[in-house]
Amino acid sequence: MSKNTPKAIRGTQDIFGADAEAFAFVVETFERVRRLYRFRRIEMPVFEKTEVFARSLGETTDVVSKEMYSFEDRGGDSLTLRPEFTAGIARAYLTNGWQQHAPLKAATHGPLFRYERPQKGRYRQFHQIDAEIIGAAEPQADVELLAMADQLLKELGIEGVRLHLNTLGDGTSREAWRAALIDYFSAVKDQLSEDSQERLEKNPLRILDSKDGRDRPFLVDAPKIDDFLSDEARAFFKAVTDGLDAAGVKWVRAEALVRGLDYYRHTAFEFIPDEGSAAADALGAQSTVLGGGRYDGLMESLGGPATPAVGWAAGIERLAMLVGEIAEPAVDAAVIPLGESALGNAMALLNRLRREHISAEIFASGKIKKRMSRANESGALAALIIGEDEISSGKVQFKTLATGEQKLLDPAVVPLRVLDLKMERDMENVADLFADFEDDMAVIDPEGRYT
RNA sequence: GCGAUCGUAGCUCAGUUGGUUAGAGCGCCGGUUUGUGGUACCGGAGGUCGGGGAUUCGAGCUCCCUCGGUCGCCCCA
């Protein structure tokens with residue numbers, strides 16, 4: 001690489017091959033699941049006026065105070081690359097009059113930007129999938145959203161990740177609890193870690209999930225949100241947990257779970273890998289894979305009418321790390337022209353195949369042996385060879401790569417023969433599935449239970 | 001913003017107390033083999049040792065600065 005070649009921006013990634021397939025798999029699975037739950041697709045601008053984020057997330061949060069990519073445009077407006085989805089979606093809801101669609105179930109995905117120190121599972125440009133229900137006050141909305149998250153993780157094949165659930169109560173519950181925490185921790189302030197002393201000023205709730213050993217002794221007896229919940233808030237949380245139980249979504253209560261952004265009320269949740277699990281190992285210090293909650297106060301902070309809403313977001317990179325590498329799909333047919341004169345026929349055959357929805361690649365450079373070798377590595381079922389002899393006879397050599405069998409065929413029947421091979425391969429896969437199924441059946445006891 | 005650690009070929013890495021022309025494996029290209037996948041053997045291309053400065057007769061190796069990667073803290077998806 002030359003010294004003159006510009007480098008990529010710190011914390012950005014160029015994703016390729018199996019990693020890119022894993023990324024795409026996460027997005028495709030999300031799109032599929034989101035349709036099952038009837039969430040409507042929305043597209044959002046990547047930047048907004050800075051105030052959209054500053055007002056909704058809270059001026060004192062780390063995200064707003066030191067992590068935003070903000071700049072002045074040529075017209076002098078302060079703009080910001082979105083550090084999260086929710087605030088922009090709320091703004092769009094208000095400015096487009098989407099109240100008419102309420103309750104609106106919306107889903108989107110794309111890049112977000114945060115000026116942070118990059119580390120495992122954390123980037124300056126990162127990507128999230130996002131789901132929101134806006135204009136729904138009932139706990140059923142929380143349940144539906146969480147059921148979707150749970151199903152998504154299952155469909156991605158991710159294991160060892162559990163729903164941690166908490167309630168922050170309504171506005172007044174939350175404020176009373178917060179005040180009690182400040183009282184409690186202020187009394188022992190000089191014994192707390194430096195970080196927690198600072199949190200006492202900025203975000204006292206955060207002390208509860210401190211990792212510092214000096215804070216630990218005080219956490220056990222700290223005021224609990226449950227003691228400050230209003231009857232309504234308590235009933236709301238019970239409705240959510242009852243709904244989750246009914247929907248078969250497993251959860252654990254996490255009393256210390258708080259969310260960093262100011263707008264959260266009531267339900268707060270994170271999907272976190274179990275300690276010691278492979279998932280926890282893969283994610284390093286970035287434990288949360290999907291997080292969100294209810295944000296009933298957000299719309300008002302943007303000057304809109306009081307509008308209840310719930311939502312979550314999940315990091316695509318983090319999910320992709322748990323999904324592992326996914327092989328790039330093999331090509332079905334490889335077309336190999338021998339010499340310049342065969343190029344025309346080769347292109348014609350290539351087009352014929354692709355129009356029949358058969359994936360095909362042409363190998364037209366290098367030695368013949370090299371081309372065959374490449375065709376073989378590509379995973380193609382058949383190599384279609386066209387040289388002088390084939391041009392004059394108007395046929396192509398159809399070589400089944402698995403067996404080495406080769407015969408002269410009319411180009412018109414080539415797509416069908418490739419489809420035959422595909423079907424054979426698929427049948428073998430189905431046979432394997434049946435074999436696995438029979439193995440599973442063998443461990444079912446006479447009463448029909450898995451053992 | 002703080003701390004630790006690492007930057008040598010396209011990739012993974014070796015390189016002794018500072019000493020001649022910086023190496024290996026894989027990959028790539030060619031040959032043994034003129035239109036057929038594997039293996040083996042032979043040959044070739046590919047490096048301003050992240051960048052800049054300092055010390056020295058001499059720096060991939062020591063020192064300083066800087067950029068970047070990785071991993072933690074903070075924070076967060």
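Lettering follows sequence order; numbering is per chain, from 1.
Nucleic acid contact class of A/G339 (heavy atoms, under 4.0 Å, all strands): none. Residue contacts shown for A/L338 include a base, since a base heavy atom lies under 4.0 Å away. Base engagement by A/K399 is indicated by at least one non-hydrogen atom pair under 4.0 Å involving a base atom. Residue-level contact check: A/R10 touches the backbone only, with heavy atoms under 4.0 Å from sugar-phosphate atoms and none from bases. At the heavy-atom level, A/K120 lies under 4.0 Å from the strands shown only through sugar-phosphate atoms. In this structure, A/E388 reaches the bases: a heavy-atom distance under 4.0 Å links it to at least one base atom across the strands shown. Among the atoms of the strands shown, none is found under 4.0 Å from any heavy atom of A/F363. Contact annotation for A/R371: no contact, since no heavy-atom pair falls under 4.0 Å across all strands. Using a 4.0 Å heavy-atom criterion, one finds that A/D389 contacts the bases of the nucleic acid, with or without backbone contacts as well. Residue-level contact check: A/G404 touches the bases, meaning some heavy atom is under 4.0 Å from a base atom. When heavy atoms are screened at a 4.0 angstrom cut-off, A/E390 is found touching base atoms of the nucleic acid. Within 4.0 Å (heavy atoms only), A/E67 reaches sugar-phosphate atoms of the nucleic acid but no base atom. Among the protein residues, A/E377 comes within range of no part of the nucleic acid, since none of its heavy atoms lies under 4.0 Å from any strand.
Across B/rG23 and B/rC49, the matching C1' atoms stand 12 Å from one another, rounded to whole Å. Comparing the C1' positions of B/rG46 and B/rC29 gives a spacing of 11 Å, expressed to the nearest Å. Remark: the separation of the C1' atoms in B/rU48 and B/rU8 is 13 Å, to the nearest Å. B/rG43 and B/rG58 are spaced 38 Å apart, taking the P atom of each and rounding to whole Å. For B/rU33 and B/rU39, the C1' atoms lie 13 Å apart once the distance is rounded to whole Å.
Remark: the A/Q406 side chain and the B/rU36 base include a donor-acceptor N/O pair separated by less than 3.5 Å.
Taking the ring centre of A/F271 as origin, the terminal cationic atom of A/R162 falls outside the region bounded by 6.0 Å and 45° from the ring axis.
The stretch residues 182-199 of chain A touches RNA chain B through A/D195, A/R199, each having a heavy atom within less than 4.0 Å of the strand.
Between A/F23 and A/H127, a ring centre-to-centre spacing shorter than 6.0 Å is recorded. Centroid-to-centroid, the aromatic rings of A/F185 and A/F218 stay 6.0 Å apart or farther.
Among the nucleotides B/rU33, B/rC76, B/rC74, the one closest to any side-chain atom of A/K211 is B/rC74. The side chain of A/R117 approaches B/rG1 more closely than any other nucleotide in the set B/rA77, B/rG1, B/rC29. Of the candidates B/rU33, B/rG31, B/rC2, the closest approach to any side-chain atom of A/K367 belongs to B/rG31. Of the candidates B/rG37, B/rC74, B/rG30, the closest approach to any side-chain atom of A/R122 belongs to B/rC74.
No donor-acceptor pair under 3.5 Å is formed between the side chain of A/R34 and the backbone N or O of A/A107.
Taking a 6.0 Å sphere around CD of A/E159, one finds it holds 12 or fewer heavy atoms contributed by other residues, nucleotides or ligands.
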**Dot-bracket encoding per residue of RNA chain B, Watson-Crick/G-U cut-off under 3.5 Å, | denoting interstrand** = (((((((..((((.....[...)))).(((((.......))))).....(((((..]....))))))))))))....
